[in-house]
Enquirer: 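The structure that follows is given in the form of structure tokens.
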Amino acid sequence: MRDFEYYTPTRVIFGKDTHLQVGTLLKEQKCRKVLIHFGGNSAVRSGLLKQVETSLKEAGIDYVTLGGVVPNPRLSKVREGMELCLRENVDFILAVGGGSVIDSAKGIAYGVANPWTDVWNFYLKTETPTACLPIGVILTIAATGSEMSNSSVITNEDGWLKRGSVKTDLCRPKFAILNPRLTYTLPQYQTESGCVDILMHTMERYFVNSETMEITDSISESLMQTVIYNARILMKEPGNYNARAEVMWAGSLSHNGLTGCGTGGGDWACHQLEHELGGMFDVAHGAGLAALWGSWARYVYQENPERFAQFATNVFDIPCGIDFEKTALAGIVAMEGFFRSIQMPTNLRELGLNVTNEQIHELAFKCSFEDTRTIGTFRQLNRKDMEKIYLMARG
């Protein structure tokens with residue numbers, strides 16, 4: 001049983017209309033001037049931004065706004081936000097949106113608080129931040145779990161490199177407002193892509209080739225079953241509050257460290273492989289993960305078929321006899337069947353990509369940091385392994 005540390009300082013305010021408390025929460029944080037950071041026009045059209053501004057005015061808190069965050073958030077927007085915060089003497093950042101907005105807010109917060117270096121160095125992992133502006137979140141998309149996590153992922157348009165930051169608890173949000181009703185207007189594709197992302201955050205920690213804790217495994221398996229069950233409900237009933245609530249809370253628990261207690265940190269190969277897809281083709285993160293997972297699983301499962309068999313039995317109720325490999329493969333097929341049931345891709349062709357051999361070589365070259373690193377712990381993957389998985393996933 002591995003040693004671990006578990007730290008979750010984020011205060012969660014969960015439920016209907018909880019976003020109306022944002023002014024009070026910022027006042028408690030002694031905020032003087034906040035940057036409201038958001039994505040597209042949906043926050044404006046829905047009236048959410050207006051409600052946030054009204055709450056801040058009632059609390060006597062000054063604010064500036066910066067929208068325009070896109071999926072696979074850009075380094076250029078982070079730099080724009082840094083300039084605005086420095087010019088306006090902002091001392092707090094409020095992310096109103098999903099994972100892309102939150103990750104962009106974390107990048108801005110790191111950049112402003114560490115003027116001694118280029119913020120991109122934190123994503124290249126050549127420097128470690130020593131401070132971070134405080135961050136709050138009003139979550140509108142259940143997916144990345146960034147509202148409680150210690151991570152941020154940004155895409156640099158110079159080379160289209162998608163990289164995760166150095167992980168520090170400095171960027172964990174001070175509070176996260178989770179109102180499931182704010183996710184009602186999401187397109188179905190985005191909702192289900194988010195469900196895949198939640199699953200994958202749990203599965204990355206679950207699929208480890210080492211001894212784990214039974215209680216952590218049980219939490220992870222229950223979380224996966226909950227997301228699978230409710231993702232199917234949301235295909236038919238997108239306005240089902242209970243299903244939205246279950247998925248939203250699962251998203252936070254999947255990435256706040258809980259499902260990694262005693263697992264040694266997890267594998268994360270699928271995320272690394274998908275980051276290159278996102279950087280090169282700008283695909284939805286969860287959909288990209290779904291398109292890659294089956295190929296990764298088939299490539300590595302023989303390292304520990306018992307682990308995959310446990311997943312098949314405890315998550316999909318597939319009977320397990322003495323043939324662990326047969327059960328393991330049945331579990332992989334079952335997961336791919338679930339992806340199809342919620343209209344998620346199971347290969348790159350279904351994702352809408354016609355990837356050439358040259359592009360596969362480039363994806364693997366970038367993912368291996370120009371052939372200087374391996375990824376994964378379930379099985380360590382070098383550049384040639386990465387190429388083979390991308391080829392398997394081509395469809």
Side-chain angles (χ1 to χ4, degrees), residues 8 10-19 38-40 42-43 46 48 69 71-73 95-106 135-149 151-153 172-173 175-205 219-220 222-259 271 274 284-290 338-339 341-344:
T8 53
T10 303
R11 177 183 175 187
V12 175
I13 303 93
F14 191 104
K16 301 170 184 176
D17 297 329
T18 46
H19 63 286
F38 62 99
S42 60
S46 67
L48 175 59
V69 179
N72 300 306
V96 181
S100 294
V101 174
I102 302 168
D103 283 4
S104 183
K106 290 178 178 179
I135 302 162
V137 173
I138 298 178
L139 189 65
T140 64
I141 303 172
T144 70
S146 193
E147 66 275 4
M148 291 186 75
S149 81
S151 60
S152 165
V153 180
R172 288 188 190 267
F175 63 80
I177 296 173
L178 276 58
N179 176 1
R181 284 179 169 172
L182 297 181
T183 69
Y184 279 8
T185 58
L186 285 174
Q188 186 181 76
Y189 185 85
Q190 202 168 357
T191 295
E192 302 299 347
S193 180
C195 289
V196 174
D197 197 10
I198 294 167
L199 283 168
M200 287 300 303
H201 282 150
T202 304
M203 291 158 68
E204 295 280 22
R205 294 174 169 92
I219 291 169
S220 297
S222 178
L223 193 152
M224 286 186 273
Q225 286 186 318
T226 296
V227 174
I228 289 168
Y229 177 78
N230 286 285
R232 287 175 169 149
I233 290 176
L234 291 174
M235 283 293 295
K236 299 177 180 179
E237 304 173 40
N240 187 309
Y241 178 85
N242 287 339
R244 292 276 179 187
E246 295 280 2
V247 167
M248 180 170 267
W249 186 225
S252 296
L253 296 181
S254 72
H255 206 33
N256 71 357
L258 178 64
T259 57
H271 266 73
E274 195 288 326
H285 180 52
L289 289 168
F338 163 70
F339 289 155
S341 76
I342 61 170
Q343 298 180 4
M344 285 286 104

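Note that this is a predicted model, so its numbers are computed, not measured.
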Enquirer: Between Ser193 (side chain) and Ala287 (backbone), is there a donor-acceptor pair under 3.5 Å?
Expert: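 Yes, Ser193 side chain to Ala287 backbone: donor-acceptor pair under 3.5 Å.
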
Enquirer: How close do Ser252 and Leu178 get, heavy atom to heavy atom, and via which atoms?
Expert: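 Smallest interatomic distance, heavy atoms only, reads OG-CD2, 3.3 Å.
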
Enquirer: Look only at the side chain of Asp103 and the backbone of Val153, and say whether a donor-acceptor pair between them is shorter than 3.5 Å.
Expert: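 Yes, because the side chain of Asp103 sits within donor-acceptor range (under 3.5 Å) of the backbone of Val153.
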
Enquirer: Provide the closest heavy-atom pair for Leu234 versus Ala243 in the form atom of the first, atom of the second, distance.
Expert: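 Looking at all heavy atoms of both residues, the shortest contact is CD2-CB, 3.7 Å.
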
Enquirer: Quick one: does any side-chain atom of Ser341 pair with a main-chain N or O of Phe338 as donor and acceptor, under 3.5 Å?
Expert: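 Side chain of Ser341 to backbone of Phe338, a donor-acceptor pair under 3.5 Å: yes, one is there.
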
Enquirer: Nearest 0.5 Å please: distance from the CD atom of Gln188 over to the CD1 atom of Ile342.
Expert: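 If we round to the nearest 0.5 Å, Gln188:CD and Ile342:CD1 are 9.0 Å apart.
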
Enquirer: Which pair of heavy atoms, one from Tyr184 and one from Pro238, lies closest together, and at what distance?
Expert: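 Heavy atoms only, the tightest pair is CD1-O, 4.4 Å.
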
Enquirer: Do Gln343 and Tyr189 make a side-chain contact, defined as non-hydrogen atoms from C-beta onward lying under 4.5 Å apart?
Expert: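 A side-chain contact under 4.5 Å is absent here.
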
Enquirer: Can you tell me how far the CZ atom of Phe339 sits from the CD1 atom of Ile228, to the nearest 0.5 Å?
Expert: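 Phe339 CZ to Ile228 CD1: 8.0 Å, rounded to 0.5 Å.
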
Enquirer: Determine whether more than 12 heavy atoms belonging to other residues, nucleotides or ligands lie under 6.0 Å from atom OH of Tyr229.
Expert: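 Count not over threshold, so no.
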
Enquirer: Please check if the side chain of Thr226 supplies one atom and the backbone of Ser222 the other of a donor-acceptor pair under 3.5 Å.
Expert: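 Yes.
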
Enquirer: As an exercise, state the distance from CD1 of Ile138 to CG of Leu48, rounded to the nearest 0.5 Å.
Expert: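 One finds 6.0 Å between CD1 of Ile138 and CG of Leu48.
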
Enquirer: Identify the heavy atoms of Ile135 and Ala105 that sit nearest to each other, and give their distance.
Expert: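 Smallest interatomic distance, heavy atoms only, reads CD1-O, 4.2 Å.
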
Enquirer: Is it true that atom CZ of Arg11 has more than 12 heavy atoms of other residues, nucleotides or ligands lying nearer than 6.0 Å?
Expert: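 At most 12 heavy atoms, drawn from other residues, nucleotides or ligands, come within 6.0 Å of this atom.
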
Enquirer: Any side-chain heavy atom of Ile102 sitting closer than 4.5 Å to one from Lys106?
Expert: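 Yes - at least one pair of side-chain heavy atoms lies under 4.5 Å apart.
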
Enquirer: List the atom of Ala250, the atom of Leu223, and the distance in Å for their closest heavy-atom pair.
Expert: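 Residues Ala250 and Leu223, closest heavy atoms: O-CD1, 3.9 Å.
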
Enquirer: Please examine the side chains of Asp197 and Leu289, heavy atoms only from C-beta on, and report whether any two atoms are closer than 4.5 Å.
Expert: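 Touching, per the 4.5 Å side-chain cut-off.
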
Enquirer: Can you find a pair of side-chain heavy atoms, one from His271 and one from His285, that are under 4.5 Å apart?
Expert: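 His271 reaches His285 side chain to side chain.
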
Enquirer: Any non-hydrogen side-chain atom of Thr10 less than 4.5 Å from a side-chain atom of Asn256?
Expert: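 In short, these two side chains do not touch, never coming nearer than 4.5 Å.
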
Enquirer: For the residue pair Ser149 and Pro173, what are the closest heavy atoms and their distance?
Expert: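 Scanning both residues completely, I find the closest heavy atoms to be O-CD, 4.0 Å.
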
Enquirer: Can you check whether Phe14's main-chain N or O pairs, donor with acceptor, with Thr18's side chain at less than 3.5 Å?
Expert: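 The answer is no, because no donor-acceptor pair under 3.5 Å joins these two groups.
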
Enquirer: Is any side-chain heavy atom of Arg244 closer than 4.5 Å to a side-chain heavy atom of Thr191?
Expert: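 Yes, close enough: below the 4.5 Å cut-off.
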
Enquirer: Under a 4.5 Å cut-off applied to non-hydrogen side-chain atoms, are Arg181 and Asp17 in contact?
Expert: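 Yes - at least one pair of side-chain heavy atoms lies under 4.5 Å apart.
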
Enquirer: Once rounded to the nearest 0.5 Å, what's the spacing between atom CD1 of Ile219 and atom OG of Ser254?
Expert: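 If we round to the nearest 0.5 Å, Ile219:CD1 and Ser254:OG are 13.0 Å apart.
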
Enquirer: In Å, rounded to the nearest 0.5 Å, how long is the span from CG of Asn240 to CG of Asn230?
Expert: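 If we round to the nearest 0.5 Å, Asn240:CG and Asn230:CG are 7.5 Å apart.
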
Enquirer: Can you tell me how far SG of Cys195 sits from CE of Met200, rounded to the nearest 0.5 angstrom?
Expert: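 Met200 atom CE to Cys195 atom SG measures 14.0 Å (nearest 0.5 Å).
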
Enquirer: Are any of the side-chain heavy atoms of Val12 and Trp249 separated by less than 4.5 Å?
Expert: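 Contact flag for Val12/Trp249 side chains = yes.
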
Enquirer: May I ask you to decide if His201's main-chain N or O and Arg205's side chain share a donor-acceptor pair within less than 3.5 Å?
Expert: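 A pair under 3.5 Å: yes.
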
